[in-house]
There are 2 protein chains.
Amino acid sequence: MSGKSRAAMMEETRAKLISAGRKAFAEKGFADASMDDLTADAGLTRGALYHNFGDKKGLLAAVVAQVDGEMAAKARQAASGAEDTWAALEAEGAAYIELALDPEIQRIVLLDGPAVLGDPSAWPSQNACLAETRRALMALAEEGRLKPVDIEAAARLLNGAALNAALYVAASTDPKKILPRTVEAFKALARGFLAT
Amino acid sequence: MSGKSRAAMMEETRAKLISAGRKAFAEKGFADASMDDLTADAGLTRGALYHNFGDKKGLLAAVVAQVDGEMAAKARQAASGAEDTWAALEAEGAAYIELALDPEIQRIVLLDGPAVLGDPSAWPSQNACLAETRRALMALAEEGRLKPVDIEAAARLLNGAALNAALYVAASTDPKKILPRTVEAFKALARGFLAT
DNA sequence: GAGTTGACATACGGGACGTATGTGAACATT
DNA sequence: AATGTTCACATACGTCCCGTATGTCAACTC
């Protein structure tokens with residue numbers, strides 16, 4: 001058992017490249033990240049990258065999909081403890097705001113991602129975060145607790161509000177103080193969707 | 001009166017460069033816009049651009065400031081006809097959503113702008129759109145019609161929701177059909193800030 | 001055991017950005 | 001009014017980086 005299967009080897013190089021790309025994109029931004037550098041960091045060359053991901057944007061897409069998936073998982077976990085469907089939606093939104101305080105997430109998912117890959121709803125990763133919010137809203141709609149709004153639009157509005165607000169919190173001089181206020185404001189805002 | 005003053009000449013070249021940059025950035029995106037090409041389009045060379053704007057990002061900042069100012073002006077105009085302070089806020093939000101359907105605005109202000117220049121609240125243009133929303137919210141707060149939320153955070157949430165929703169509308173297969181639903185959803189959402 | 005496939009490395013060309021240097025017209029100075 | 005200076009802009013150069021085309025070596029097939 002000295003080696004591994006062909007497919008396993010390839011998965012390993014893909015993982016190494018994604019990891020190196022994630023670090024480089026987070027630290028330098030997509031535009032200033034050199035593929036020569038990040039592939040060398042992974043102990044490889046650009047050849048491996050082009051073979052596995054097609055081009056620089058392809059690597060970013062893979063990185064975004066990974067980070068996006070992690071975000072959705074954490075949001076789901078945050079919502080899992082809620083007693084109530086509505087509380088779950090609020091918890092998810094709050095979780096997104098807090099998650100987006102991470103510079104890595106801001107740079108990769110909120111700034112470079114949309115600019116390079118286009119609108120998030122068109123991403124190959126199918127935007128797991130958005131799907132999570134949509135799911136929560138549909139559950140509420142079935143319970144009859146929502147105003148008669150378009151679910152898809154509502155999900156986009158909530159997600160956009162949360163993630164954008166996080167950029168504001170992170171850019172502020174005192175994030176720790178502003179975060180709770182922002183989360184409260186988000187909860188107040190979200191209640192606009194509640195049936196009266 | 002054959003010529004113009006020195007300062008007037010410089011303003012003219014700045015205007016020509018901004019105009020050419022605006023077109024190039026809108027059509028090709030920031031990354032794929034060639035400074036050789038866009039300066040030639042303006043009948044100039046890269047020398048003029050570096051002299052006036054420092055670098056490529058400097059030109060983008062100037063373009064963003066111009067577009068952002070135009071957006072705020074239109075939003076203010078849309079709100080001017082409202083009978084009521086709250087109706088004005090709703091009208092502004094709706095105006096942002098509709099404005100953001102313009103591909104030029106999407107590309108420059110919503111996608112490349114944040115990615116290249118960083119968080120909008122830190123822009124030199126001071127984000128006229130955001131300022132407009134903040135103004136409307138403060139007026140409402142003085143009238144006592146707002147829940148006790150942080151104004152700054154609320155402005156960011158509303159703006160983020162509106163602009164992000166516009167990306168969704170524009171990316172949809174049938175924007176004309178989805179736009180009114182999205183605007184309605186936005187109005188419902190915004191009511192979350194209204195005092196009960 | 002020879003041929004083929006495929007994952008990855010190396011070599012090459014083109015393009016774009018930023019800087020350093022040049023230039024000619026307007027303004028100041030005497 | 002003539003000369004020196006400034007400055008807005010053009011030109012020339014070096015450098016970096018992406019994408020492709022080509023090469024290579026191990027693994028699998030027959």
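Residue numbers begin at 1 in each chain, while the letters A, B, ... track the order of the sequences. What you see below is based on every heavy atom in this structure, not just the backbone, and it leaves out hydrogens, waters and symmetry mates.
Considering CD1 of A/Ile97 and CG of A/Leu101, their distance stands at 8.5 Å, rounded to 0.5 Å. Separation of atoms OG1 (A/Thr196) and NZ (A/Lys147) is listed at 6.5 Å; rounding is to 0.5 Å.
One interatomic measurement links the two molecules: CZ of B/Phe25 to C1' of C/dA16, which rounds to 13 Å at whole-angstrom precision. Going from atom CG of A/Leu49 over to atom C1' of C/dA7 covers 13 Å, rounded to whole Å. At whole-Å resolution of the value, CG in B/Leu59 and P in C/dA16 are 16 Å apart. Spacing between atom NZ of B/Lys28 and atom C1' of C/dG15 amounts to 12 Å, rounded to whole angstrom units. The interatomic distance linking A/Arg14 (CZ) with C/dC8 (C1') rounds to 14 Å, in whole Å. The interatomic distance linking B/Asp37 (CG) with C/dG15 (P) rounds to 11 Å, in whole Å. The interatomic distance linking A/Asp36 (CG) with C/dC8 (P) rounds to 17 Å, in whole Å. For the pair B/Arg46 CZ and D/dC9 C1', the computed distance is 13 Å after rounding to whole Å.
Closest heavy-atom contact between A/Asp68 and A/Ala128: OD2-N, 2.6 Å.
Using a 4.0 Å cut-off, some side-chain N or O of A/Asn52 falls inside it from OP1 or OP2 of C/dC8. Contact between the side-chain N/O atoms of B/Thr13 and the OP1/OP2 oxygens of D/dA8 is not found at any separation under 4.0 Å. Remark: A/His51 is in phosphate contact with C/dA7, judged by side-chain N or O atoms under 4.0 Å from OP1 or OP2.
Every side chain to side chain contact (heavy atoms under 4.5 Å, CB included) that A/Ala26 has, sequence neighbours left out, goes to A/Glu104, A/Ile108. Residues satisfying the side chain to side chain contact (heavy atoms under 4.5 Å, CB included) test with A/Ala15, not counting sequence neighbours, are none.
Comparing D/dC9, C/dA9, C/dC17 against the side chain of A/Leu44 picks out C/dA9 as the nearest. Counting only heavy atoms from C-beta on, A/Tyr50 has its side chain closest to D/dG19 among D/dA12, D/dC9, D/dG19. With D/dC18, C/dA7, C/dG18 as the candidates, the nucleotide lying closest to the side chain of A/Met35 is D/dC18.
Within the 4.0 angstrom heavy-atom criterion, base atoms lie near B/Thr45. When heavy atoms are screened at a 4.0 angstrom cut-off, A/Ala33 is found touching the sugar-phosphate backbone but no base atom.
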